[in-house]
2 protein chains.
Amino acid sequence: MLREDVTDAIRAAVFEELAAVGFARMSIEGIARRAGVGKTAVYRRWKSKLSLVLDLVSAFAAQGLPAPATGSLYGDVRALLEVAAHALRHPVASQVIPDLLVESARNPEISDAIKAALLDGQRGVAALIVRDAVARGELLESTDADRALDVIVGPLYWRLVVVRSGLPEGYLDEVARGAVAALRA
Amino acid sequence: MLREDVTDAIRAAVFEELAAVGFARMSIEGIARRAGVGKTAVYRRWKSKLSLVLDLVSAFAAQGLPAPATGSLYGDVRALLEVAAHALRHPVASQVIPDLLVESARNPEISDAIKAALLDGQRGVAALIVRDAVARGELLESTDADRALDVIVGPLYWRLVVVRSGLPEGYLDEVARGAVAALRA
DNA sequence: CGACGACGGAACGGTTGCGTTCCGACGTAA
DNA sequence: TTACGTCGGAACGCAACCGTTCCGTCGTCG
């Protein structure tokens, strides 16, 4: 029987190593070292660096994403932004997510895992938000849910991950208001 | 005297290598191999992988960014989007830029170079667009240029680099219209 | 209590890249 | 023609990591 505390230590070490040096530079020796564990313990569980990361990302996907239903388009958008900002402000996540996204451009397996873990969930939430708003008469039926997601999450991602400047007071409110206006246009 | 054709071959090879394997995995041996050049020729010019990349990025920065002045906010936004989309659709650029952005989170020198080469230019353009629009009465004086840039470029970056789906017909028009509406809100 | 299996640790041979040092060939400028 | 400097190429010793194998130890089942 594999010891679960060792498994957990390895999983945690992978996250830390991923954040510290990135997928490309990450080594199994480094993971074992950080976890305070023998290399054998790692190889006994996973056959490669890739399967280790795929396993972690998939576990993340299983969590699912709560769909906001506040009763108004603005409320839903604002709630989605809140969740996204919360995730992207975690120092580990804000390092790991873009790193894996870049890697996924070169590795179809990572790409699939990321899509399933993050993007598909967000697409689904966006689709629900748009559907409800259309039912309420807040948006036209022709509104494209994917473009809605772009308009809602894009500015936040750009600021937090690309430009890497902070979130000023009231920024999420402004972006939410702007996104609603953009979708109505 | 260093031969210029050799220098150019190395520069080109760095770009290709950067796009193919990313900064983290890129090696000087690999660059020399790709350029069809001895390792010595590389070390005679640059002292490390980092200085090689910094040199290239800085050269890119020197180009500058044309500031649109179409006479309307929508026209300016649309023009800025056109330039950005053109850059991000180049397969090399769409691979290299996010890669260096991720790397810049770990390396202040890369971060500074990227800021100077890309972000500062875009911030300046956004500031000009906002200033003109305010003068025309299209926007309030209180409009924040940085947030404007987020709203304009964010959705495009999200779609082209993060989600990596294509640009549907008329997408740039819609985003431009949406961004203008968002800024007015 | 005895057998089993996972544990950390050390070592294996092999690969890759580092940064440096030589070499002989070539081209150019004095 | 001679002298110099760059060229590509090969080799250097060094370091890191690969994936595997073999230990002796320890905890847990049966």
Side-chain angles (χ1 to χ4, degrees), chain A residues 1-57 59 95-96 99-100 102-103 106-110, chain B residues 1-57 59 95-96 99-100 102-104 106-110 113:
Chain A
M1 204 70 255
L2 298 173
R3 267 170 53 191
E4 217 160 304
D5 57 334
V6 170
T7 306
D8 292 344
I10 296 173
R11 283 223 174 83
V14 171
F15 264 113
E16 294 166 20
E17 200 75 1
L18 214 44
V21 307
F23 180 83
R25 282 187 248 261
M26 188 175 73
S27 73
I28 294 202
E29 304 225 4
I31 293 166
R33 208 179 304 133
R34 188 187 286 267
V37 144
K39 241 200 312 183
T40 36
V42 179
Y43 279 109
R44 208 171 284 126
R45 290 166 173 78
W46 295 276
K47 70 177 212 296
S48 68
K49 179 170 89 164
L50 178 61
S51 51
L52 236 176
V53 169
L54 291 182
D55 183 42
L56 284 209
V57 173
Q95 197 86 273
V96 170
D99 186 273
L100 290 181
V102 167
E103 212 58 46
R106 299 189 185 96
N107 188 319
E109 300 192 66
I110 295 184
Chain B
M1 204 69 257
L2 298 173
R3 267 170 52 190
E4 218 161 303
D5 56 333
V6 170
T7 306
D8 292 344
I10 296 173
R11 284 223 174 83
V14 172
F15 264 114
E16 293 166 21
E17 199 76 1
L18 214 43
V21 306
F23 180 82
R25 281 187 249 263
M26 189 177 73
S27 73
I28 293 201
E29 304 225 7
I31 293 166
R33 211 179 302 134
R34 187 186 287 266
V37 144
K39 241 200 312 183
T40 37
V42 178
Y43 278 109
R44 208 170 285 125
R45 290 166 173 78
W46 294 276
K47 70 177 213 295
S48 70
K49 179 170 88 165
L50 178 61
S51 51
L52 236 175
V53 169
L54 291 182
D55 183 42
L56 284 209
V57 173
Q95 198 86 273
V96 170
D99 187 274
L100 290 182
V102 167
E103 213 58 46
S104 78
R106 299 190 186 96
N107 188 318
E109 301 192 66
I110 295 185

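So that the names make sense, note that chain A is the first sequence line, chain B the second, and so on, each numbered from 1.
- Side-chain proximity of A:E29 to C:dC18, D:dC22, D:dC18: nearest is D:dC18.
- Applying the side chain to side chain donor-acceptor pair (under 3.5 Å) criterion to B:S104, with sequence neighbours excluded, gives no partner residue.
- The bend of the helix from C:dC1-D:dG30 to C:dA30-D:dT1, defined by the angle between the axes of its first five and last five pairs, stands at 10° to the nearest 10°.
- A donor-acceptor pair is defined here as one N or O able to donate and one able to accept, closer than 3.5 Å; such a pair exists between the side chain of B:K49 and the backbone of B:F23.
- Contact check for B:R106 versus A:Q95: side-chain heavy atoms found under the 4.5 Å cut-off.
- Side-chain nitrogen and oxygen atoms of A:R44 include none within less than 4.0 Å of the OP1 or OP2 phosphate oxygen of D:dT21.
- Separating the CZ atom in A:R44 from the CG atom in A:L2 is a distance of 7.0 Å, to the nearest 0.5 Å.
- Nearest to the side chain of B:Y43, among D:dG9, D:dT21, C:dC18, sits C:dC18.
- Under 4.0 Å is where a charged nitrogen must lie from a carboxylate oxygen, and between A:D8 and A:R3 no such pair does.
- Two residues are said to be in side-chain contact when any heavy atoms from C-beta on lie closer than 4.5 Å; A:V42 and A:L52 meet this criterion.
- Rounding to whole angstrom units, CE of residue A:M1 and P of D:dG27 are separated by 18 Å.
- Sorted by residue number, the list of members of residues 46-54 of chain A with any non-hydrogen atom under 4.0 Å from DNA chain D is empty.
- Contacts with DNA chain C (heavy atom under 4.0 Å) in residues 32-39 of chain B: B:R33, B:K39, listed by number.
- Atom CG of A:L54 is separated from atom CG of A:N107 by 7.0 Å, given to the nearest 0.5 angstrom.
- Of the residues in residues 5-15 of chain B, those placing a heavy atom less than 4.0 Å from an atom of DNA chain D are B:V6, in numerical order.
- A:E16 meets the salt bridge (charged side-chain N to carboxylate O under 4.0 Å, His left out) test with A:R34; sequence neighbours excluded.
- Contact check on A:R11 versus A:D55 returns a salt bridge, with a Lys/Arg side-chain nitrogen under 4.0 Å from an Asp/Glu carboxylate oxygen.
- Between B:I10 atom CD1 and B:W46 atom CH2 the span is 5.0 Å, to the nearest 0.5 Å.
- Atom-to-atom, CG of A:L2 to C1' of C:dA6 comes out at 7 Å; the value is rounded to the nearest Å.
- Residue A:I28 has its side chain nearest to D:dG19 when only D:dC7, D:dG19, C:dG8 are considered.
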**Message:** Applying side chain to side chain contact (heavy atoms under 4.5 Å, CB included) to B:V53 and B:M26, what does each step give before you reach the verdict?
**Reply:** CA-CA 10 Å; B:V53 169; B:M26 189 177 73; 3.6 Å; yes
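- Nearest approach of A:V96 to A:F15, heavy atoms of both residues: CG2-O, 4.2 Å.
- How far CG of B:L18 is from CG of B:L100: 5.0 Å, rounded to the nearest 0.5 Å.
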